[in-house]
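This structure is in structure tokens; I'll ask about it shortly.
The chains referred to below are lettered A, B, ... by the order of the sequence lines, with proteins before strands, and numbering in each begins at 1. The figures here come from the full heavy-atom set of this structure, side chains too, leaving out hydrogens, waters and symmetry mates.
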There are 2 protein chains.
Amino acid sequence: MSILDAAADVLRCFGPDRLELTVTDVVALRGAPKSSTSRLLRAMRDAGLLETVGDSKRYRPGILLFELGQSYRAGSTLVARAHDVVSGIVDRVGHTGYVSVRDGLDVMGLTYVAGRNVLRVGTPVGRRLPLTASATGRTLLARLEDHEVRALFPGALPQPSPRAPRTLDDLIARLDGVRRTGFAESDGEANPGVGALASAVGDPETGEAVSLCITYPQSTVTVAERRQIIDGLLDGARSIATIMGDVRCAALQTASRPRTPQDA
Amino acid sequence: MSILDAAADVLRCFGPDRLELTVTDVVALRGAPKSSTSRLLRAMRDAGLLETVGDSKRYRPGILLFELGQSYRAGSTLVARAHDVVSGIVDRVGHTGYVSVRDGLDVMGLTYVAGRNVLRVGTPVGRRLPLTASATGRTLLARLEDHEVRALFPGALPQPSPRAPRTLDDLIARLDGVRRTGFAESDGEANPGVGALASAVGDPETGEAVSLCITYPQSTVTVAERRQIIDGLLDGARSIATIMGDVRCAALQTASRPRTPQDA
DNA sequence: TTCAAAGTTCCGAATAATGGAACTGCGGTT
DNA sequence: AACCGCAGTTCCATTATTCGGAACTTTGAA
């Protein structure tokens, strides 16, 4: 194993729940000898990948990584366009929106637009959601072929919530719904009481795909608003798909005018 | 030079203007042999530090770095507190605010709160501003001893704008003003037509320090608003300083009631 | 098809990484 | 004060990686 892999491995030890790590923490998490770990962490600090908190002992990701994280977002015009669309919908309906991408079996929030409403859904930026149990995740899965989806889940489906799809066949059926209607809906799956509507677009050039999502406390959303959100998402996804030449965009399957509200 | 330093060096080649890089780009930027560079970039990709765009050729920072960048912010309760304070001021005055930290001779935006006003200042998150030519930078410099400031600038001062301090003595005089009044003001320095007010606090425990800043188009700010912003910043900085036990906070020097508006 | 530029692979030489053991520094305890 | 235990660091010979020049392959344009 190269020291680079080891370094990346160390970086992966950090997370929302592990913001700072000591040498022994990393030893416990990775099982590497402590001499190597001690040297590695110091080398990473000297290189600027990590910082020591205060004088010493505890390490955390360096500001260099923060800076690069920013350019990760900026690097994608697809993300920027999606963000603009979501932003417009948020302005109209007042609910919170965000843009996210698939990473492995999770979906990760990239950008966030706070709504005007008093009851707001917290920022999902940098947070992971299970791919199968979120509207946003299913819109991204719906862009894959069924056999690709099956290949992603060789074992049992993760079951983070009772309302999430239980079996692979269950999931595939819902993905089919997403492909027909152009959007996906979550009904308090990832967070109880929180609903979400989402639609995905991709850039065939680079292969990247993002999901546009609006979330809201389920108690506060009206039927008319739901309709408005769906229309906004579909129109937005469609316009981006047209610009980028994304033929796989599910929203394109949907005629621009009439649409039957149908679970997806 | 260890491969870790080389890798960090490569990461530093990315920036707002250089979102994607090829092997030859990196060769040109770092002067390293292209065989080594080719291998290095691939190793970094295999480790997950970089991603290749589309199928190949161009590299950009990986999602791992984005994720870590998020926890950089979340790791600091000081940043969170500062963000809350700034957020409150933004709610009251409608202008844009942000929280930033010093990194070398620059100041870097960490969080951003968009104002309600039509004329908004764009997001500075992940952006660098020169330390000497920004309100935010000078509040952070004012926390250092004069000799430490002199040590930071062995050569001539960077002169990004005609309104920025020209000489070291000039700068030190202004820092003294910051220490007395508790805040710093920028008068179209970093961006023409854009004013800013800032105040800094630190956490003596960890040694980290952040600057709270409100920016606005100079044409739209009234005298009363300016007063309101300054009061908000000073009160906020003072309350955080009290919680954290930061005796060096310049805002503490200022009595809670009367204050003479004075450039800083 | 040809060509130049960009990228990759190969190689021995040079360098850096490894992990066990010994060492240091720091609290807390007897 | 001396002792203990824990976290972290340093040392060392061994081992494995990395290095950069040159040769090779791929790419994209003419």
Counting only heavy atoms from other residues, nucleotides and ligands, does the tally under 6.0 Å from CZ of A:Arg179 exceed 12?
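Correct, the count exceeds 12.
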
Passes side-chain contact (heavy atoms from CB on, under 4.5 Å), A:Leu40 versus A:Thr37? Steps please.
CA-CA 5 Å; A:Leu40 176 57; A:Thr37 305; 5.5 Å; no

Tell me the interatomic distance from B:Asp9, atom CG, to D:dC19, atom C1', rounded to whole angstroms.
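Answer to the nearest Å: 16 Å.
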
Hey, could you give me the OH/CG distance between A:Tyr59 and A:Leu21, rounded to the nearest 0.5 Å?
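Going from OH on A:Tyr59 over to CG on A:Leu21, the span is 11.0 Å.
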
Below 3.5 Å is the cut-off: list the nitrogen or oxygen pairs between protein and nucleotides 27-30 of chain D, distance only.
none

Could you tell me the separation between the CZ atom of B:Arg42 and the P atom of D:dT18, rounded to a whole number of Å?
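Distance check: B:Arg42 CZ to D:dT18 P gives 12 Å.
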
Ignoring hydrogens and angles, state whether a donor on the side chain of A:Ser87 or A:Asp84 is under 3.5 Å from an acceptor on the partner side chain.
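On atom types as modelled, these side chains do not qualify, holding no pair under 3.5 Å.
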
Nucleic acid footprint by protein, nucleotides 15-22 of chain C - heavy-atom cut-off 4.0 Å, B for base, S for sugar-phosphate alone
-SSBBBB-

Taking 4.0 angstrom as the limit, do A:Arg238 and A:Asp235 come out as a salt bridge?
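Here A:Arg238 pairs with A:Asp235 in a salt bridge, since their nearest N and O are under 4.0 Å apart.
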
For A:Asp5 and D:dT17, give me the distance from atom CG to atom P, rounded to whole Å.
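Rounding to the nearest Å, CG of A:Asp5 and P of D:dT17 are 10 Å apart.
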
Look at the side chain of A:Asp46 and the backbone N and O of A:Ala43, then say whether any donor-acceptor pair between them is shorter than 3.5 Å.
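No.
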
At 4.0 Å (heavy atoms only), tell me whether A:Thr37 reaches a base, stays on the sugar-phosphate, or touches nothing.
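The residue A:Thr37 makes no contact with any strand.
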
Give a yes or no on whether a salt bridge exists between A:Arg143 and A:Asp246, defined as a side-chain N under 4.0 angstrom from a carboxylate O.
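Salt bridge: yes.
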
Between B:Leu105 and B:Thr132, does a side-chain contact (heavy atoms from CB on, under 4.5 Å) hold up when you go through it step by step?
CA-CA 8 Å; B:Leu105 298 184; B:Thr132 61; over 6 Å; no

Can you tell me how far P of D:dA7 sits from CD of A:Glu20, to the nearest Å?
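Rounded to whole Å, this separation is 17 Å.
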
Could you give the distance from CG (A:Asp146) to CZ (A:Arg150), rounded to the nearest 0.5 Å?
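So the CG of A:Asp146 and the CZ of A:Arg150 are separated by 6.5 Å.
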
Testing A:Glu67, A:Arg60, A:Glu51 one by one against B:Tyr72 for a side chain to side chain donor-acceptor pair (under 3.5 Å), which residue passes?
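Exactly one candidate clears the test, A:Glu51.
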
Whole Å only: how far is the CG atom of B:Asp25 from the P atom of C:dG7?
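It is 8 Å, rounded to the nearest whole Å.
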
Terminal helix-axis angle for the helix from C:dT1-D:dA30 to C:dT30-D:dA1, with five pairs defining each axis and rounding to 10 degrees
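Computed angle between terminal axes is 40°.
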
With a 4.0 Å cut-off, would you call A:Asp103 and A:Arg128 a salt bridge?
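Yes, this pair counts.
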
Please state how far atom OH in B:Tyr59 lies from atom C1' in C:dA6, giving the value in whole angstrom units.
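B:Tyr59 atom OH is separated from C:dA6 atom C1' by 12 Å.
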
Nearest whole Å is fine: how far is D:dT18 P from B:Asp46 CG?
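Taking CG of B:Asp46 and P of D:dT18, I get 12 Å after rounding.
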
